[in-house]
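Worksheet: the structure to be examined is printed underneath.
Reminder, nothing fancy here: chain letters follow the sequence lines and each chain counts from 1.
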2 protein chains.
Amino acid sequence: MVTIKDVAAAAGVSVATVSRALNNQATVDADLADRVRVAAAELGYRRNGVARSLRLQRTDVWALIISDIANPFFTAVARGLEDVAQEQGYSVVLCNSDEDPAKEARYLDVAVREQVSGVVLSPNEVSSDISHLQRLGVPVVAIDRPLREPVDSVLVRSAAGAEEATAHLLEQGWRRPACITGPESAGTAVQRLTGYRRAMAAHSSRPPKNLVRYADYRADRAGEAAADLLDGRYPPDAFFVANSEMALGVLEELRHRQLLPGRDVGLVAFDDAPWTPFTERPLTVVAQPAYEMGVLAGRLLLDRIGVPLDAQPPARTRRLRTELVVRGSSLRG
Amino acid sequence: MVTIKDVAAAAGVSVATVSRALNNQATVDADLADRVRVAAAELGYRRNGVARSLRLQRTDVWALIISDIANPFFTAVARGLEDVAQEQGYSVVLCNSDEDPAKEARYLDVAVREQVSGVVLSPNEVSSDISHLQRLGVPVVAIDRPLREPVDSVLVRSAAGAEEATAHLLEQGWRRPACITGPESAGTAVQRLTGYRRAMAAHSSRPPKNLVRYADYRADRAGEAAADLLDGRYPPDAFFVANSEMALGVLEELRHRQLLPGRDVGLVAFDDAPWTPFTERPLTVVAQPAYEMGVLAGRLLLDRIGVPLDAQPPARTRRLRTELVVRGSSLRG
DNA sequence: TTGTAAGCGTTATCAA
DNA sequence: TTGATAACGCTTACAA
């Protein structure tokens with residue numbers, strides 16, 4: 001490995017001068033600086049980031065810990081965050097907790113150990129433990145899902161979006177829309193259910209019962225939930241599904257039963273995805289500004305990095321609006 | 001920050017003993033080890049991975065640098081790699097090069113600087129520069145796309161898969177299947193085109209011309225390519241598309257023209273995705289064993305990590321078979 | 001079995 | 001403006 005020492009020897013200067021030259025410090029003579037840069041290039045020197053981090057007690061790395069890498073929502077968030085990061089000289093490393101609290105804890109630990117300078121987290125549970133990061137003063141931004149701890153958060157108005165979606169189904173004339181939501185431990189799942197319930201209550205003083213199922217945000221469990229609902233005593237005639245991945249499971253079950261969305265049943269999914277316009281009946285969705293959320297999270301991080309603990313602003317929460325995109329699957333006939 | 005020194009003081013031992021105890025070395029007295037562990041837990045000590053890496057000249061981190069995070073193929077690869085890594089005590093950090101050679105170079109540099117102990121890369125170009133990693137003895141595995149340098153590789157039999165897909169279209173009675181492939185710089189794009197050409201040549205001694213377009217593996221460019229083909233003098237009656245993301249662009253263009261796959265045109269995409277069974281006519285695809293590829297890449301990495309340079313095996317290439325999954329979009333009528 | 005101390009590669013302080 | 005040197009937190013000879 002070529003170290004700063006080798007460069008110093010080659011350029012005939014001290015290691016201190018090399019360090020200063022390579023970090024573009026103004027106090028170094030232009031000629032010397034050139035000589036150093038030439039020597040570094042010739043030797044193929046690359047700064048050892050580990051040593052640098054140890055000395056500086058910080059890195060130029062942010063961690064983005066997401067709960068499902070296969071979910072296009074999170075990949076769009078990642079893009080947004082990364083664009084802000086790159087612009088400011090940070091790198092983003094992505095960690096996939098896979099909806100598994102143990103994996104999430106592992107990656108939070110990695111973030112501490114590797115001294116990342118900021119963490120964006122979509123917590124699996126509102127109770128996820130970020131105390132260690134907080135104690136070290138590493139800024140944390142919760143994204144998509146709320147955290148019990150008071151930290152900066154970028155959320156969507158889930159309840160409002162869910163309410164709008166459910167109201168839309170009712171307006172279309174569907175009588176018994178069911179709700180398939182995520183796990184009870186996820187704040188978003190609860191909020192989307194709340195929105196659904198609000199719309200149902202607003203539409204009728206005695207809303208139908210037993211039309212709610214908790215799945216785990218995964219396709220197959222959502223398919224089972226749909227089957228269970230359809231086999232019930234008073235089956236639903238429409239579905240509000242709390243994310244697009246679960247919509248795939250529901251679509252499979254409906255196809256299996258030869259029920260066509262937009263004709264035999266109504267269907268709206270929370271969360272857009274690239275494929276949603278191309279299902280047999282294009283899918284009506286509640287779109288989230290995922291990319292913007294990533295950008296916003298990055299900005300919140302930047303606001304805190306390098307700011308002393310006593311000058312940190314209080315925790316801020318940004319709640320972004322969703323947009324109902326009506327396509328075919330929610331219409332009647 | 002709580003350091004090993006604080007733990008030593010609290011436990012009344014030396015830092016060396018703390019280090020040994022926390023690394024489960026056999027040579028340390030059981031009682032003492034317990035005392036150390038208790039002290040560490042009470043103080044909330046976490047080992048500083050940066051300092052450790054500097055001393056050991058290695059980390060427990062692998063980098064996976066992929067060319068498109070929104071592509072489900074790569075997310076499945078990531079899952080496979082991660083499962084192997086976790087099992088062996090490594091963490092995987094994901095970097096998204098976004099089909100941009102500059103970003104890729106940036107992340108390769110980050111990998112060097114941060115001293116990751118292994119890199120899995122889906123190169124944007126066959127000429128991607130990994131020389132620095134090689135010089136340092138950091139094992140590299142190329143995945144999905146070949147690299148000019150001799151490194152371990154996990155590829156699929158792209159040409160064979162493409163040939164099978166195209167032959168299937170021809171067998172179904174489509175006369176003029178077009179090929180929309182990826183950028184010329186990507187090895188996979190070239191191979192898939194080769195397979196297409198092979199099938200066309202095998203089927204007819206004078207295969208139709210001007211039916212090939214290079215897009216960049218992105219949906220919108222593929223849509224434009226489809227439009228261009230359909231507006232040509234002798235338009236195609238079927239499409240072989242080199243990945244599933246581009247299939248979305250083609251689907252959009254077809255819908256725009258009210259052409260239904262499986263009735264008015266034939267359509268096969270290389271690369272499966274979760275949504276492919278749910279398009280208006282379920283999409284026929286060439287499925288790749290993405291998860292297994294990730295697992296394999298991890299195993300190849302493990303074979304080299306910690307092995308001295310002179311004991312390293314020669315570069316190995318694994319070529320995995322694809323599977324043609326016939327659904328509706330390639331059928332006729 | 002335990003402790004002392006050197007050293008990983010860098011940056012920052014201080015003196016020249 | 002430059003150089004010598006200490007320090008970041010850890011692991012590991014080597015000594016006791």
Side-chain angles (χ1 to χ4, degrees), chain A residues 1-37 39-40 43-61 109-110 112-117 132 136-137 306, chain B residues 1-37 39-40 43-61 109-110 112-117 132 136-137 306:
Chain A
M1 173 190 287
V2 182
T3 73
I4 206 172
K5 239 175 163 171
D6 304 315
V7 178
V13 297
S14 75
V15 291
T17 302
V18 175
S19 174
R20 283 190 281 250
L22 296 181
N23 287 301
N24 299 314
Q25 298 211 15
T27 68
V28 53
D29 183 82
D31 283 354
L32 259 194
D34 273 346
R35 225 162 76 204
V36 168
R37 268 188 286 270
L43 294 172
Y45 167 79
R46 308 258 182 135
R47 160 160 75 203
N48 183 323
V50 176
R52 175 168 221 249
S53 299
L54 178 60
R55 177 62 232 241
L56 296 180
Q57 299 284 64
R58 62 183 171 78
T59 61
D60 298 336
V61 176
D109 200 57
V110 171
V112 171
R113 291 200 323 254
E114 301 300 328
Q115 314 250 81
V116 302
S117 57
H132 209 90
L136 291 173
Chain B
M1 173 190 286
V2 182
T3 75
I4 206 174
K5 238 174 164 172
D6 304 316
V7 178
V13 297
S14 75
V15 291
T17 302
V18 174
S19 173
R20 284 190 278 251
L22 296 181
N23 287 302
N24 300 314
Q25 298 211 15
T27 68
V28 52
D29 182 81
D31 283 354
L32 259 195
D34 273 346
R35 226 163 74 204
V36 168
R37 270 188 285 270
L43 294 172
Y45 168 79
R46 308 261 180 133
R47 163 160 76 201
N48 182 322
V50 175
R52 175 169 220 248
S53 300
L54 179 59
R55 175 64 232 245
L56 296 180
Q57 299 284 66
R58 62 182 172 80
T59 61
D60 298 338
V61 176
D109 200 57
V110 171
V112 171
R113 293 200 322 254
E114 301 300 328
Q115 314 251 82
V116 303
S117 56
H132 208 90
L136 291 172

- Query: Quick one: does A:Arg37's side chain get under 4.5 Å of A:Asn24's, heavy atoms only?
  - Reply: yes

- Message: Among residues at least two apart in sequence or on other chains, which ones pass salt bridge (Lys or Arg N to Asp or Glu O under 4.0 Å) with B:Arg113?
- Response: B:Asp109

- Query: What bend angle does the helix from C:dT1-D:dA16 to C:dA16-D:dT1 show across its length, from five-pair end axes and to the nearest 10 degrees?
  - Reply: 40°

- Can you pull the contact range of chain A along DNA chain C, 5' to 3', using atoms under 4.0 angstrom from its heavy atoms? C:dG9 to C:dT13

- Query: Base, sugar-phosphate, or nothing for A:Val50, non-hydrogen atoms under 4.0 angstrom?
  - Reply: nothing

- Report yes if at least one side-chain N or O of B:Thr3 is closer than 4.0 Å to OP1 or OP2 of D:dG9; otherwise report no. no

- Task: Would you confirm whether B:Asp29, through its side chain, and B:Asp31, through its main-chain N or O, come within 3.5 Å as a donor-acceptor pair?
- Result: yes

- Rounded to the nearest angstrom, tell me the gap between atom NZ in B:Lys5 and atom C1' in D:dC8. 10 Å

- Message: Testing the basics here: between B:Val28 and B:Ala21, what is the closest heavy-atom pair and its distance to 0.1 Å?
- Response: CG1-CA, 4.1 Å

- Map B:Thr27 and B:Gln57 onto DNA chain C by nearest heavy atom, then report which one ends up closer to the 5' terminus. B:Thr27

- To the nearest 0.5 Å, tell me how far A:Gln57 CD sits from B:Asn48 CG. 7.0 Å

- A:Leu54 CG - D:dA7 P separation (whole Å): 14 Å

- For the pair B:Thr27 and B:Arg20, evaluate side-chain contact (heavy atoms from CB on, under 4.5 Å) and give the outcome as yes or no after the intermediate values. CA-CA 8 Å; B:Thr27 68; B:Arg20 284 190 278 251; 4.0 Å; yes

- Task: List in chain and number order the residues that pass salt bridge (Lys or Arg N to Asp or Glu O under 4.0 Å) with B:Arg58, two or more places apart in sequence or in another chain; answer none if no residue qualifies.
- Result: B:Asp60

- Query: With a 4.5 Å limit on heavy-atom distance, are the side chains of B:Tyr45 and B:Val18 in contact?
  - Reply: no

Donor-acceptor list for residues 2-17 of chain B side chains, cut-off 3.5 Å, not counting sequence neighbours:
residue	atom	partner	partner atom	Å
B:Thr3	OG1	B:Lys5	N	3.1
B:Asp6	OD2	B:Thr3	N	2.8
B:Ser14	OG	B:Ala16	N	3.4
B:Ser14	OG	B:Thr17	N	3.3
B:Ser14	OG	B:Thr17	OG1	3.3

Kindly give the atom pairs (protein nitrogen or oxygen, nucleotide nitrogen or oxygen) under 3.5 Å for nucleotides 11-14 of chain D.
residue	atom	partner	partner atom	Å
D:dT11	OP1	B:Asn23	ND2	3.3
D:dT11	OP1	B:Arg52	NE	2.8
D:dT11	OP2	B:Ser19	OG	2.8
D:dT11	O2	B:Arg55	NH1	2.1

- Query: Between A:Asn23 and A:Arg47, does a side-chain contact (heavy atoms from CB on, under 4.5 Å) hold up when you go through it step by step?
  - Reply: CA-CA 10 Å; A:Asn23 287 301; A:Arg47 160 160 75 203; 2.8 Å; yes

- Which pair of heavy atoms, one from B:Thr59 and one from B:Glu114, lies closest together, and at what distance? CG2-O, 3.6 Å

